Q: 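Have a look at this one.
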Amino acid sequence: MTKFAAFLRGVNVGGVNLKMAEVAAALTEAGFTDVHTILASGNVLLESSARVATVRKKAEAALRERFGYDAWVLAYDIDTVRAISEAYPFEREVDGYQSYVTFVTDAAVLDELAELTAGADEKISRGEGVLYWQVPKGGTLDSTIGQTMGKKRYKSSTTTRNLRTLAKVLR
């Protein structure tokens, strides 16, 4: 069995409100084991003998069926999440700033996002399957990445997590 982190896109923001206990129940019923949710923002630890692509598809199907919304899940084995977090290229804790990782499953989308020009006081850097970024607190939605990520075309292949959230996932 492999331990995975599954990141649900757009949960408990923008009208998709799910109780994490119900999410865990749905994923357990779908055949995943040792299912635990972290925070209310759609972070799930689970175990499966399936490959990562199957974990993603199975989790999306279970959530769509159970909750009736267009579920998007990005799944990674826990060692990959740890390596992504450890590779964060900027100072992790900067007073007045938020540090983020955007997970991206579509290489063309990652290429596109990596070409964005950072605004004033923003930092953007491409990683392996991710985009790292840092913005002033309170400026996330107005940032270059924040404004871009709201577009519909990115919903199926991206999701963003704060480094503090990733630390909780990796405990």
Side-chain angles (χ1 to χ4, degrees), residues 2-16 38-39 41-46 48 50-64 69-94 96-170:
T2 302
K3 187 174 206 165
F4 292 92
F7 301 113
L8 287 57
R9 172 121 166 51
V11 170
N12 294 336
V13 295
V16 177
I38 295 106
L39 304 172
S41 53
N43 308 291
V44 183
L45 291 175
L46 53 83
S48 176
R51 292 178 165 261
V52 69
T54 302
V55 168
R56 179 182 182 185
K57 286 180 171 67
K58 191 174 174 182
E60 286 175 345
L63 296 172
R64 287 174 181 159
Y69 82 105
D70 203 11
W72 301 108
V73 176
L74 281 74
Y76 300 86
D77 69 75
I78 202 71
D79 291 335
T80 297
V81 176
R82 185 170 285 104
I84 287 168
S85 177
E86 289 172 356
Y88 192 76
F90 312 122
E91 186 177 341
R92 297 174 80 83
E93 294 289 332
V94 178
Y97 282 78
Q98 296 281 10
S99 300
Y100 295 104
V101 176
T102 296
F103 293 87
V104 185
T105 60
D106 181 316
V109 168
L110 181 58
D111 289 342
E112 184 180 321
L113 293 173
E115 290 183 17
L116 292 173
T117 303
D121 297 326
E122 291 180 66
K123 294 180 183 178
I124 299 172
S125 180
R126 181 187 184 137
E128 187 68 35
V130 299
L131 196 68
Y132 298 107
W133 51 295
Q134 193 171 65
V135 295
K137 286 183 180 176
T140 300
L141 296 178
D142 295 326
S143 70
T144 301
I145 300 294
Q147 289 182 346
T148 302
M149 297 308 296
K151 296 177 182 171
K152 186 177 180 176
R153 79 179 234 84
Y154 300 112
K155 287 185 178 184
S156 67
S157 62
T158 67
T159 193
T160 299
R161 294 297 183 273
N162 186 296
L163 276 186
R164 290 186 187 117
T165 298
L166 288 183
K168 290 176 181 173
V169 168
L170 292 168

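Just so it is clear, the structure is predicted and the values come from calculations on it, not from any experiment. Positions are given from 1 along the sequence.
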Q: For T80, give me all partners under side chain to side chain contact (heavy atoms under 4.5 Å, CB included), at least two apart in sequence or on another chain.
A: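 Partners of T80 under the side chain to side chain contact (heavy atoms under 4.5 Å, CB included) test: Y76, D77, I84.
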Q: Taking the side chain as every heavy atom from C-beta outward, state whether T105 and R56 have any atom pair closer than 4.5 Å.
A: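 T105 vs R56: side chains touch.
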Q: Could you check whether any side-chain heavy atom of F7 comes within less than 4.5 Å of a side-chain heavy atom of V81, counting everything from C-beta outward?
A: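 Yes - at least one pair of side-chain heavy atoms lies under 4.5 Å apart.
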Q: Backbone N or O of E91 within a donor-acceptor pair of the Q134 side chain at under 3.5 Å?
A: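 The answer is yes, because a donor-acceptor pair under 3.5 Å joins these two groups.
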Q: Nearest heavy-atom pair of Y132 and G127: which atoms, and what distance?
A: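 Closest heavy-atom pair between Y132 and G127: CE1-CA, 3.6 Å.
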Q: Out of curiosity, L170 CG to R82 CZ, how far, rounded to the nearest 0.5 Å?
A: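 Nearest 0.5 Å value for the CG-CZ distance: 5.0 Å.
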Q: Once rounded to the nearest 0.5 Å, what's the spacing between atom OG1 of T2 and atom CD1 of I78?
A: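 T2 atom OG1 to I78 atom CD1 measures 11.5 Å (nearest 0.5 Å).
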Q: Report yes or no: does T144 contribute a side-chain atom to a donor-acceptor pair with the main-chain N or O of A118 at less than 3.5 Å?
A: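 Pair absent, no side-chain N/O of T144 close to backbone of A118.
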Q: Any side-chain heavy-atom pair from T160 and L131 closer than 4.5 angstrom?
A: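 With C-beta onward as the side chain, the pair stays apart.
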Q: Answer whether the closest heavy-atom distance between the side chains of L46 and V55 falls below 4.5 Å.
A: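 L46 vs V55: side chains touch.
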Q: If only side-chain N and O atoms count, and only distance matters, is there a donor-acceptor pair under 3.5 Å linking Q98 with T140?
A: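 The criterion, which ignores hydrogens and geometry beyond distance, is not satisfied for Q98 and T140.
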Q: Kindly give the heavy-atom pair with the smallest separation between F103 and V130, and that separation in Å.
A: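 Here F103 and V130 meet closest at CD2-CG1, 3.9 Å.
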Q: Between the main-chain N or O of R92 and the side-chain N or O of S99, is there a donor-acceptor pair closer than 3.5 Å?
A: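 Answer holds: yes.
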Q: How close do A75 and V52 get, counting heavy atoms only, and between which atoms?
A: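 So the minimum-distance heavy-atom pair works out to O-CG2, 2.9 Å.
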Q: With the side chain counted from C-beta on, respond yes when I38 and T165 share a heavy-atom pair under 4.5 Å apart, and no when they do not.
A: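 No. Closest side-chain heavy atoms not under 4.5 Å.
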Q: Between R9 (side chain only) and S157 (backbone N and O only), is there a donor and an acceptor less than 3.5 Å apart?
A: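 Absent.
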Q: Rounded to the nearest 0.5 Å, what separation is found between the CG atom of L116 and the OG atom of S143?
A: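 Here the rounded value is 9.5 Å.
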Q: Among all residues two or more places apart in sequence or in another chain, which pass the side chain to side chain contact (heavy atoms under 4.5 Å, CB included) test with K57?
A: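 If we apply the side chain to side chain contact (heavy atoms under 4.5 Å, CB included) test to K57, skipping adjacent residues, there are no hits.
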Q: If you round to the nearest 0.5 Å, how far is CE of M149 from OH of Y100?
A: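 That separation rounds to 12.5 Å.
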Q: Could you work out, with salt bridge (Lys or Arg N to Asp or Glu O under 4.0 Å) as the rule, every residue matching D121, not counting sequence neighbours?
A: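 D121 satisfies salt bridge (Lys or Arg N to Asp or Glu O under 4.0 Å) with no residue once adjacent residues are dropped.
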Q: Taking side chain as C-beta onward, heavy atoms only, is E122 less than 4.5 Å from V135?
A: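 Sidechains of V135 and E122: in contact.
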Q: Within this structure, what is the CG-CD distance for the pair L110 and E115, rounded to the nearest 0.5 Å?
A: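 Rounded to the nearest 0.5 Å, the CG-CD separation comes to 10.0 Å.
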Q: So, for S85 and L163, which heavy atoms are closest and what is the spacing to 0.1 Å?
A: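 Smallest interatomic distance, heavy atoms only, reads OG-CD2, 4.3 Å.
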Q: Measure the shortest side-chain to side-chain distance between L8 and W72 over non-hydrogen atoms and say whether it is less than 4.5 angstrom.
A: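 A side-chain contact under 4.5 Å is absent here.
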Q: To the nearest 0.5 angstrom, please state how far the CZ atom of R164 sits from the CG atom of L39.
A: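 That separation rounds to 12.0 Å.
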Q: With a 6.0 Å cut-off (strictly less than), is the heavy-atom count around CG of L141, excluding the residue itself, greater than 12?
A: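 No, the 6.0 Å shell around CG holds no more than 12 heavy atoms from other groups.
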Q: Would you please name every residue forming a side chain to side chain contact (heavy atoms under 4.5 Å, CB included) with A71, sequence neighbours left out?
A: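 So A71 forms a side chain to side chain contact (heavy atoms under 4.5 Å, CB included) with L63, R64, Y69.
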Q: Can you sort out the partners of F90 under ring-ring contact (aromatic ring centres under 6.0 Å, His included), two or more places apart, ordered by chain and number?
A: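 ring-ring contact (aromatic ring centres under 6.0 Å, His included) list for F90, sorted by chain: Y88.
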Q: Do we see a donor-acceptor contact under 3.5 Å between the side chains of T158 and R153?
A: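 Absent: no donor and acceptor within the cut-off.
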Q: How would you list all residue pairs meeting ring pair (Phe, Tyr, Trp, His ring centres under 6.0 Å) that involve residues 141-165, not counting sequence neighbours?
A: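 For residues 141-165: none.
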Q: Taking side chain as C-beta onward, heavy atoms only, is V73 less than 4.5 Å from K58?
A: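 Counting from C-beta outward, V73 and K58 never come under 4.5 Å.
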